[in-house]
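Following: one structure in structure tokens, then a few remarks.
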Protein chains: 2
Amino acid sequence: MEFKHQPTVTLAEVAEAAGVGESTVSRVLRNHGSFSGKTRERVMAAVERLGYVPNRIAGTLASTGSRLVAFVIPSLSNIVFPDVLRGASAVLEENRYQAVFSVTDYDPGKEEALAAAMLAWRPAAVMLAGYEHTEGTVKMLRASGCRIVELLDLDGDALDIAVGFSNRAAGRESAAFLLKRGYRRIGYVGHDLNRDTRAGKRFSSFCETLEAHDAPLVGREILAGASSVENGRLGLERLLARTTDLDAVYFSNDDMALGGYFHCLAQGIAIPSKLAIFGYNGLDIGRATPQPLSTIRTPRVATGQIAAQLVVANAPPQAVDLGFELIEGATA
Amino acid sequence: MEFKHQPTVTLAEVAEAAGVGESTVSRVLRNHGSFSGKTRERVMAAVERLGYVPNRIAGTLASTGSRLVAFVIPSLSNIVFPDVLRGASAVLEENRYQAVFSVTDYDPGKEEALAAAMLAWRPAAVMLAGYEHTEGTVKMLRASGCRIVELLDLDGDALDIAVGFSNRAAGRESAAFLLKRGYRRIGYVGHDLNRDTRAGKRFSSFCETLEAHDAPLVGREILAGASSVENGRLGLERLLARTTDLDAVYFSNDDMALGGYFHCLAQGIAIPSKLAIFGYNGLDIGRATPQPLSTIRTPRVATGQIAAQLVVANAPPQAVDLGFELIEGATA
DNA sequence: GGTTTTTTTGGCAGCGCTACCAATTTGCTG
DNA sequence: CAGCAAATTGGTAGCGCTGCCAAAAAAACC
């Protein structure tokens, strides 16, 4: 079966059927401008009768400014981004905006290509992760005239709107917490940092903080793939095989940390007395493990919500710091 | 700062700058129709020079059929749906389609409203979860003339295309597996089944299978909220408090099952000798727990991929069964 | 060189809607 | 009931692009 367009009902046909002008139908449907009660009823009756569905493509083209919001996100596997989308989509739906998205796989080149494709839809705003974009991407976005929202990072200069928190501060506070608890021989298990630059920022300020307190990082294990529970488990296993006397390990995020936690459970390594574990993100699952995971809870859903609200309200350029919360947990 | 449209470069301006006609620019840009090599170069040079970004809104309006694919999904918290989106978006991006989405929160009324909003964008296809839609939704979709893809369920009649697997079969096989292992006093812990009808189908065929083998369900605990690790833990705790001598528990999905698993770990309940645990979904995390989770692995990403491929290829109506895989694991 | 083909090109009418403006109707005031 | 303001309507020119058609240019052929 080849695709066949149904004969679509147009606004003009509704106008005809209702015995009014096209612009009147348009006004009624958008509830914009003035019209009498009976006109409204006649139009609505015709709409109902014909099963009219407005064509937003045509509407958008004719009017200035669209109600599309474009998300260009690195991944859908990392729960962070579905969470952001979730927060944003609720707000956007309420305001009759439509979300469109594409996934870059943490590849800046792909980000540029996808951003270009997105701009072709003339969105009201483009939402991106963080500040690291190619020159081409920045130039394009700037030239597009649409709002630009950078999410989940505040360590840098925003192009327009930024919503999130400081990853550097998160790394710093994580380190400070471990030091305060008396850990001195600290290691790191993480995933590919070149791609996930926010994890990279956390890691570097984590290390700096350790050094500033004369307890430099003792060992690290960086795994090539994406973050995952299995990689966390594998990473900790490797790190422990190589580095002795570790008393705490910082993970690039909770997925990885849970992997490490499971490794300890499986190997009978006492937590936190023998080895402390600290994560990042504050996933729900970390609250339900036998020992709650020590981590930093990030405002992922709120980031999406606030970002969407600012776009809907067409707010002035600004950086909104939503902060984060350190969860002491029981693994560190 | 109020939103201000930049003076946008149009195709007509590019044509002017390149010294060719509008249709020639259009042909070159879409690589469609014929044009000479030098024309191509001149056009591309002008595009580059002016920083022209095609307007897909206008393009879609002018041509027949759009390259938008609409997803109307129940949730972004349940990893199932991000996984489906992930699979689909890769295929769609390769084919220059654009994904748009909205979230129903498992509310059929909201699904209807959002589907209507989606149709206003005249998508090439609408992708929905499962078969349970309101009469209004079905009528609208049918009338729209766009492709309809129902995902993750095959127990029912497809409107057009369906991609997924049988949830009833999954429930049946889960029960058969537990019975084969010798468990006879089996309980269930699940989340709200009215909303998640696919979980409901699994549960009912699970129960039927147990009854057919003279080992009817011994107890159940249904939690009001969404599925989550914490609810799974809480659910199992409640069920155990009420029902004695259970030897196995079936969970509505892996999130819930992990919660149950953690409860057992925390309470020192030996798995599987004292209590067996069986989940559903086959999340990666279940492979990394000290004892791998016994579960059914569902082809979530593949569901998205295949669905997208069928839409892109404009395939005839069909139901594609991708099956599932029973993971024996070590918890049952 | 003169045709006949084939390839390349430009013009222009929409796609379905919104924004603007002018026309019409209604409501009030004195 | 004239006289004017306010509320309601319809007409229509685009929005930026694609698809069709006919014209022009290039290539192929006798």
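Here is how names work: the chains are called A, B, and so on, in the same order as the sequence lines, proteins then strands, and each is numbered from 1.
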For A/Glu93 and B/Val103 the tightest heavy-atom approach is OE2-N, 2.8 Å
Winner on side-chain proximity to B/Ser23, out of D/dC20, D/dC15, C/dT9, is D/dC20
Quick note, A/Ser34 side chain, CB onward, closest among C/dG16, D/dT9, C/dG14 is D/dT9
Whole-Å distance separating the [atom1] atom of [X] from the [atom2] atom of [N]:
X: A/Ile57; N: C/dG16; atom1: CD1; atom2: C1'; value: 11 Å
X: A/Arg67; N: C/dC17; atom1: CZ; atom2: P; value: 17 Å
X: A/Arg122; N: C/dT18; atom1: CZ; atom2: P; value: 19 Å
X: B/Leu11; N: D/dC15; atom1: CG; atom2: P; value: 13 Å

* Distance only, no hydrogens: is a donor on one side chain within 3.5 Å (strictly under) of an acceptor on the other, for B/Glu150 and B/His133? -> yes
Between B/Val20 and B/Ala62, which has a closest nucleotide on DNA chain C that is more 5'?
->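 Final value for this comparison: B/Val20.
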Whichever of B/Ala58 and B/Glu22 has the more 5' nearest nucleotide on DNA chain C, that residue is B/Glu22
Donor-acceptor under 3.5 Å ([X] side chain, [Y] main chain):
X: B/Ser66; Y: B/Arg122; result: yes
X: B/Gln98; Y: A/Phe101; result: yes
X: B/Thr134; Y: B/Thr137; result: yes

### Query
Can you find a donor-acceptor N/O pair under 3.5 angstrom joining the side chain of B/Arg27 to the base of C/dG10?
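Such a pair exists between side chain and base.
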For this session: Would you indicate, yes or no, if D/dG19 has its OP1 or OP2 atom less than 4.0 angstrom from a side-chain nitrogen or oxygen of B/Arg30?
Result: yes
Side-chain N or O of B/Thr24 versus OP1/OP2 of C/dT9: is the shortest distance under 4.0 Å? no
Contacts satisfying side chain to side chain donor-acceptor pair (under 3.5 Å) that involve residues 12-25 of chain A (not counting sequence neighbours) are A/Thr10-A/Glu13, A/Thr24-A/Arg27
Lys/Arg N to Asp/Glu carboxylate O, A/Asp160 vs A/Arg147, below 4.0 Å:
yes
- prompt: Tell me, which of residues 36-56 of chain A have any heavy atom that sits under 4.0 Å from an atom in DNA chain C?
  reply: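 Within this stretch, A/Tyr52, A/Pro54, A/Asn55 sit under 4.0 Å of the strand.
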| field | Nearest-nucleotide 5' precedence on DNA chain D, B/Leu61 against B/His32 | value |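 The 5'-side residue here is B/Leu61.
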